[in-house]
Amino acid sequence: MTRTTRTVARRATIGLALTATLFLTACSATASGGTEGGFDPDEEIELHIAWWGNDERAAIMTDAIDLFEEEYPNITVVEEPVGAPDDLFNRLATDFASGTAPDVFALGGAKPQEYGAAGALLDLSTVSDQLDTSKYEDFTLTNATVDDTLYGLPTGGNAIGALINTTIFEQAGVPVPTDDWTWEDLVEAANEISAKVPGVVGLDLRVQDILGTYVAQYTKEGIYDWDGELATDAKVIQQWYELEQELVAGGGLPDPSVIVEHWNVTPDLSLFGTGKAAITFAYNNQIGSYAAGTGGADIQIIAPPSSTDVSGVAVLPSQFWAIAAETEHPEASALLVDWLLNQPEPAKLILANRGLPFNPDTLEVVKPLLSPADTQSAEYLEKVLDIGVVAPPQPAGGAILNELSQRIESDILFGKTSVADGAKQWVSELTASLDND
């Protein structure tokens with residue numbers, strides 16, 4: 001199947017997933033993606049905004065939006081928070097189908113690509129007078145750019161790193177690793193710690209995104225290429241699962257049943273987060289969450305190991321703010337997005353709640369106000385900007401990656417399949433998903 005054919009097929013599939021009604025509602029706006037007439041500061045406007053997150057995020061958003069309404073007294077913002085990302089995405093599909101989509105909403109993962117390709121999102125170039133995108137580096141916009149059209153702005157960024165409980169390392173008498181460590185160093189350290197410290201394992205492996213970092217150390221682009229196709233092969237995937245087997249055999253990883261049990265727990269309930277593991281992989285904005293239950297242990301974040309001369313680490317946008325193509329108030333919606341991302345007063349409230357800001361002006365406002373954990377996170381992110389790689393966006397078919405990687409991991413570690421066969425199955429299933437997106 002050619003790339004052109006795959007693009008057409010993908011858009012058709014997405015259209016079906018969001019229902020055909022989405023196209024009708026998206027086309028209700030003018031050809032430019034907005035409404036005619038521009039922004040009237042005297043018009044009474046009501047905007048709806050939706051996001052996912054906990055009560056703390058909801059409280060922060062309420063305070064930031066209160067300030068926005070003070071700045072723009074003619075605009076009333078109706079807040080529509082939900083708990084989990086999937087709850088929001090399921091709701092958006094229904095809302096677009098019924099023509100009741102919120103004006104502004106958060107998207108993550110492959111969703112900006114899906115919704116942008118389906119015609120559901122506003123072309124941000126049509127509201128450039130209200131929303132400045134010039135401060136955002138190109139690599140931060142990749143996931144929200146479809147056919148050279150920008151459909152969303154990132155709330156901030158994160159990068160995966162290795163969290164190190166230096167207190168456990170010192171207790172075991174094992175040297176604390178530095179940024180130049182290798183996977184062989186990790187295996188040796190993890191196995192030694194498990195043997196020396198009762199009730200503690202060397203490595204708590206639960207974030208499958210580290211697989212993408214590992215793959216990027218051996219391939220040019222990582223798991224996917226810029227055409228949304230698979231960029232790695234079974235040989236590299238087999239190497240990864242062999243590494244896991246070596247760690248289980250040497251004691252650096254716990255029993256497979258314990259690994260599976262902790263796959264999807266929150267950071268504070270993980271082995272690392274309860275002080276029972278010396279190393280884990282996590283995104284830099286999660287340092288505080290993992291450190292909270294470690295009894296005051298010294299937690300550092302360093303680059304993941306690499307046995308090549310490539311770090312494989314990419315800075316990834318955590319979320320995007322997008323605007324519905326069907327909104328009756330594109331300019332006002334753009335002012336709201338600009339407020340949440342580019343203006344100093346709300347930045348002092350939001351801080352790093354949605355990742356560290358990519359707008360350098362906003363970051364300068366935020367940095368002096370960060371907690372010690374978030375300051376450490378910011379320092380790591382800035383380091384990754386120097387040593388990291390630019391990653392292609394996750395295509396829609398890549399949404400199965402986490403579930404697929406965990407399932408294959410389970411089958412291999414429990415002896416249900418060989419490493420070679422598991423790696424081939426991983427490639428086969430992900431390729432099929434990419435071809436069908």
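Note: hydrogens, waters and symmetry copies are ignored here, and every other heavy atom, side chains too, is used.
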For this session: Kindly state whether the ring of F96 and the ring of F105 have centres lying under 6.0 angstrom apart.
Result: yes

Exercise. Taking atom types as modelled and ignoring hydrogens, do the side chains of S306 and W183 form a donor-acceptor contact shorter than 3.5 angstrom?
Worked result: no

For this session: Let me see the working for K383 and D179 under salt bridge (charged side-chain N to carboxylate O under 4.0 Å, His left out), right down to the final yes or no.
Result: CA-CA 11 Å; K383 179 169 61 178; D179 284 324; 2.8 Å; yes

For this session: Kindly state each residue pair satisfying salt bridge (Lys or Arg N to Asp or Glu O under 4.0 Å) with at least one member in residues 400-419, sequence neighbours excluded.
Result: E403-R407, R407-E429

For this session: For Y290 and N165, test the side chains for any donor-to-acceptor distance below 3.5 angstrom and give the result as yes or no.
Result: no

For this session: Examine the side chains of D132 and N342 and answer whether a donor and an acceptor come within less than 3.5 Å of each other.
Result: no

Exercise. Does K111 make a cation-pi contact with F89 (under 6.0 Å, within 45 degrees of the axis)?
Worked result: yes

Exercise. D361 versus E364: any side-chain heavy-atom pair under 4.5 Å?
Worked result: no

Seminar exercise, completed: Nearest heavy-atom approach of I168 to A278 is CG2-CB, 3.7 Å

Problem set entry | Nearest heavy-atom neighbours spanning G157 and L381 | O-CD2, 3.7 Å

Exercise. Can you check whether T140 reaches E137 side chain to side chain, under 4.5 Å on heavy atoms?
Worked result: yes

For this session: Would you check if the distance from the ring center of W321 to the ring center of W339 is below 6.0 Å?
Result: no

Exercise. Under 3.5 Å, side chain of S194 to main-chain N/O of A190, donor-acceptor pair present?
Worked result: yes

For this session: Please check if the distance between the ring centroids of F320 and Y151 is under 6.0 Å.
Result: no

Problem set entry | Any W426 side-chain heavy atom under 4.5 Å of S405 side chain | yes

